[in-house]
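Below: one structure, written as structure tokens.
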Amino acid sequence: MKVVIIGTGYVGLPTGVGLAELGHDVICVDKDENKINILQSGKVILYEDGLEDLLVKNFNSGKIKFTSSMHNAVSDADVVFLAVGTPPHPVTKEADLQYIFAAAEELAPWVKNGAIVAVKSTVPVGTGDKVESLIKEVNPASNIDVISVPEFLREGYAVRDFFNPDRIIIGTDSPRVKKIMAELYVFFADKTEILYVKRRSAETIKYASNAFLATKIHYINEMADFCEQSGADIRDVAKGMGLDKRIGNKFLNPGPGFGGSCFPKDTMAMAYMARQFNVNLSLIEDVIRGNQERKKRMAQKILKSVENIKSPKIAVWGLAFKEGTDDCRESPAMEIVQELLKSNANIVAYDPKAMDNAKRILGDKIEYASDMYSALQDADVLAILTEWPVFRTPDFDKMARLMKGKSIVDCRNMLDDKRLVPGFVYYGIGF
Ligand code: NAD
């Protein structure tokens, strides 16, 4: 089938590459000429495990193409996915739909009759209705179906998740559209549940899922706080809880708070939507507030470990919002570093993939190390903020030789404290 993806970001690019790998003819459109130029030379613009190889393969075989011209891309497409950003509005924190509406307006004059416009971006309930009327307004002669196909892939696992999704949700009532989408997703037919629901239900499933996962993270973080005060150990508590199949063992790792481009913005958008519908979602409101405060408390915890040192040198391992990605949007690490900078601390940071993105946010306010050990030179404390596997089994003797102080604040509970060499003082989360 002929597929167009509008927006070549963390969702659009892996989706386009995945659909090309499944044999579809894919054109990816982005208004960012710079990104398109890089992609047109067969290179990736973001880090995702396995993405580069698949992109190069499908680019060389001509199954995937890149353009900034909406007209050329869209006019022959059977399915057009909208995968543009829906960031939080700076004031109201609702989902800002300007990119969705702009893309819908731009594609409207060119989209062929019978085409499907599939909204993959995370959008508030009722957005599909608005996109549909906007396209009709711009092009009254058009005869298209607007559906909701929310995306659930995890950054860092985008390629793996594309080929092995837990479910595919398709929001449409149209039997014709269901048939076409079944054809598009035929590869998944006997692998995963494809659930057809009303468009508004599909839009809600995405927010309800993310708000639930964010709540689960916040819950285990609060339990970790409880363990710290009560003498219990959250590592045992979480393990014991996770053995209950009704609870499950995922998302039970306490940490510095949830971040990334989805959970913070989607919980805020969900809370905003609920207020518009006069529905009380006090649980989610509490989760949002508690999560914001948590990052400040993590910074305080790090500073407390060096409270007797004037202008301490803090080594930071990890800047991305989680392992496996170079994405620093709403990264707890970024916020903790900003908080630390309010004190007199000197910060030297290292991240295996996210240095460039971090530099765009933090500039020269901190120093950047070329590897994890050089960040430790003369440091008074090490703060581990992102759970990159490479940080799990460091050379403790080397660390002891490099660091001036011997404190480690492990905000991800990554290290095996029993293996630490003598002299180190280890602070984890929840014990
Ligand atoms: P992103 O910011 O990485 O990418 C969006 C891209 O869209 C950018 O490259 C931008 O230049 C392009 N764009 C914007 N307007 C355009 C237009 N009119 N025409 C062409 N291109 C345009 O965003 P993302 O992280 O991929 O997220 C996209 C959507 O998917 C959001 O709604 C997000 O909430 C949702 N989502 C994201 C993830 C994730 O892990 N990042 C997971 C599930 C769902």
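This chain uses plain numbering: 1 for the first residue, then up along the sequence. Order of appearance sets the numbers: ligands from 1, and atoms from 1 within every ligand. Quantities reported herein were computed from a predicted structural model and do not represent experimental measurements. The basis for the numbers below is simple: all heavy atoms, side chains too, and nothing from hydrogens, waters or symmetry mates.
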So is [X] actually on top of [Y]'s ring, under 6.0 Å and inside 45° of the axis?
{"X": "R154", "Y": "Y157", "value": "yes"}
{"X": "R235", "Y": "F431", "value": "yes"}
{"X": "R167", "Y": "F152", "value": "yes"}
{"X": "K216", "Y": "F251", "value": "no"}
{"X": "K301", "Y": "Y427", "value": "no"}

Note every protein N or O atom lying under 3.5 Å from an N or O atom of ligand 1, pairing the names and giving the distance.
unit_1: ligand 1; atom_1: 2 (O); unit_2: R329; atom_2: NH1; d: 3.4
unit_1: ligand 1; atom_1: 3 (O); unit_2: Y10; atom_2: N; d: 3.2
unit_1: ligand 1; atom_1: 9 (O); unit_2: D30; atom_2: OD1; d: 3.4
unit_1: ligand 1; atom_1: 9 (O); unit_2: D30; atom_2: OD2; d: 2.6
unit_1: ligand 1; atom_1: 9 (O); unit_2: K35; atom_2: NZ; d: 2.6
unit_1: ligand 1; atom_1: 11 (O); unit_2: D30; atom_2: OD1; d: 2.6
unit_1: ligand 1; atom_1: 18 (N); unit_2: E106; atom_2: OE1; d: 3.3
unit_1: ligand 1; atom_1: 21 (N); unit_2: K31; atom_2: N; d: 3.2
unit_1: ligand 1; atom_1: 25 (O); unit_2: R329; atom_2: NH2; d: 3.0
unit_1: ligand 1; atom_1: 26 (O); unit_2: Y10; atom_2: N; d: 3.0
unit_1: ligand 1; atom_1: 26 (O); unit_2: V11; atom_2: N; d: 2.8
unit_1: ligand 1; atom_1: 32 (O); unit_2: T86; atom_2: OG1; d: 2.6
unit_1: ligand 1; atom_1: 32 (O); unit_2: T122; atom_2: N; d: 2.9
unit_1: ligand 1; atom_1: 34 (O); unit_2: T122; atom_2: OG1; d: 3.4
unit_1: ligand 1; atom_1: 34 (O); unit_2: K265; atom_2: NZ; d: 2.6
unit_1: ligand 1; atom_1: 40 (O); unit_2: E155; atom_2: OE2; d: 3.3
unit_1: ligand 1; atom_1: 41 (N); unit_2: E155; atom_2: OE2; d: 2.7
unit_1: ligand 1; atom_1: 41 (N); unit_2: S261; atom_2: OG; d: 3.4

Checklist entry - By ring-ring contact (aromatic ring centres under 6.0 Å, His included), which residues pair with F188, not counting sequence neighbours? => result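 Applying ring-ring contact (aromatic ring centres under 6.0 Å, His included) to F188 gives F162, Y185.
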